[in-house]
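The first residue in the sequence is number 1, and the count goes up from there.
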Amino acid sequence: MLQSLPGQTGVAAHWALEILAFMVAGLIYWRASNPATQPPETLARWMLLAGAAVGGALGSRFLFMLQYAPDLLGQPLSSWLSGKTIVGGLLGAIAGIEIVKKHLRWQASTGDGFVWPLIIAILIGRLGCQLSGLQDLTYGDPTTLPWGWNYGDGVPRHPTALYEMLGVGMLALTIRRPLPSAAPGDRFRAFAAGYLLLRLLLDFLKPPYGAAARGLLVPQLVLGLTPIQWACCAGLLYYLPFILGRLRRLERAFG
């Protein structure tokens, strides 16, 4: 049975990898910016990054609060602000960038410039989640599979962060080549839709669908899904025209 890093070591590793994820993602975005999809002015590009960062921070915190609202009631503000979610961060960043684009009056899609920074950031960040133990709240349900992971409570569980890394890696391989008849921004739309679908399904392997660790926050269920899963559904609905369009193109290509 595999095991997370103990106590403060795991927390320190998580913070270090999260900081590294942001730094590497920002560097990749800055060095790979394409004038066709990103404003050429340095200030405008900084504003896009700021829009993504602020929107992502707000979205990730807000969705965390929704996810664990019943357990957070009556707790201090620090507890409400103690967690983040990638799904909320992704959707919040999209909203933040769109707001900045309207301010800049920039019409071209900027999404493709964020694909590889996001992929690298998720891969690095999720490694930190996997090593950090139960307190990160990304642990999976108990399992008897040989690769069960001990997050610190002695119970072998699904290593859901590793599953997510594998899924994101497969998604990266799928979109690394230009999509047939692709429009600007289609690569980002394909990534976002694929990631949201991955998380919608993957979160069925986490509490409250299985046994949660004692003494920790437990997600609430709203009409059978968690708030994160409902956010994934909302994002997929937003990208539904793109998804249907790609499916029609595939049908014409192979039909």
Test item: [X] side-chain N/O and [Y] main-chain N/O as donor-acceptor pair under 3.5 Å:
X	Y	value
Gln229	Leu200	yes
Asp141	Gly210	yes
Gln67	Ile228	yes
Trp230	Val222	yes
Arg157	Gly148	no

On the 0 to 90° scale, with breaks at 30° and 60°, tag the Tyr151-Trp149 ring pair as parallel, tilted or perpendicular.
tilted

task: On the 0 to 90° scale, with breaks at 30° and 60°, tag the Phe188-Tyr239 ring pair as parallel, tilted or perpendicular.
output: perpendicular

[atom2] on [Y] to [atom1] on [X], rounded to 0.5 Å:
X	Y	atom1	atom2	value
Ile122	Leu127	CD1	CG	13.5 Å
Lys102	Ile99	NZ	CD1	9.5 Å
Leu201	Leu196	CG	CG	11.0 Å
Arg61	Leu66	CZ	CG	14.0 Å
Leu72	Leu77	CG	CG	10.5 Å
Leu202	Tyr195	CG	OH	8.5 Å

Are [Y] and [X] connected into the same hydrophobic cluster when the rule is that any two of I, L, V, M, F, W, Y join if their side-chain heavy atoms are below 4.5 Å apart?
X	Y	result
Met170	Leu198	no
Ile86	Leu81	yes
Phe22	Leu131	no
Val218	Leu134	no
Trp116	Ile94	yes

**Prompt:** Would Gln135 and Leu216 satisfy side-chain contact (heavy atoms from CB on, under 4.5 Å), going step by step from the backbone distance to the final call?
**Reply:** CA-CA 7 Å; Gln135 297 295 329; Leu216 296 179; 3.5 Å; yes

Heavy atoms of other groups near Tyr238 OH, more than 12 under 6.0 Å: no

Original post:
Is the CZ atom of Phe62 crowded by more than 12 outside heavy atoms at less than 6.0 Å?
Top reply: no

Nearest atoms (heavy-atom pairs only) where [X] meets [Y]:
X	Y	result
Leu171	Gly194	CD2-C, 3.9 Å
Asp153	Ala213	OD2-CB, 4.1 Å
Gly235	Leu91	CA-CD2, 4.3 Å
Asp71	Gln75	O-NE2, 2.7 Å
Thr138	Asp136	OG1-OD2, 2.6 Å
Ala172	Ile119	CB-CD1, 3.8 Å

Taking the side chain as every heavy atom from C-beta outward, state whether [X] and [Y] have any pair of such atoms under 4.5 Å apart.
X	Y	value
Leu225	Tyr209	yes
Tyr68	Leu137	yes
Leu104	Val100	yes
Pro227	Gln220	yes
Tyr139	Pro207	yes
Ile243	Arg189	no

Sequence neighbours excluded, the answer for salt bridge (charged side-chain N to carboxylate O under 4.0 Å, His left out) partners of Asp203 is Arg199, Lys206

Checklist line | Criterion side-chain contact (heavy atoms from CB on, under 4.5 Å) on Asn150 and Val155, from CA distance to verdict | finding: CA-CA 6 Å; Asn150 175 16; Val155 178; over 6 Å; no

Note: Lys84-Glu18 ion pair, threshold 4.0 Å (strictly below)
yes

Item to check | Verdict with reasoning, Phe191 to Leu118, per side-chain contact (heavy atoms from CB on, under 4.5 Å) | outcome: CA-CA 9 Å; Phe191 164 76; Leu118 276 171; 3.8 Å; yes

*asked:* Could you go through Gln130 and Tyr163, starting from their C-alpha distance and side-chain angles, then the distance that decides it, and tell me whether this counts as side-chain contact (heavy atoms from CB on, under 4.5 Å)?
replied: CA-CA 10 Å; Gln130 188 63 54; Tyr163 292 168; over 6 Å; no

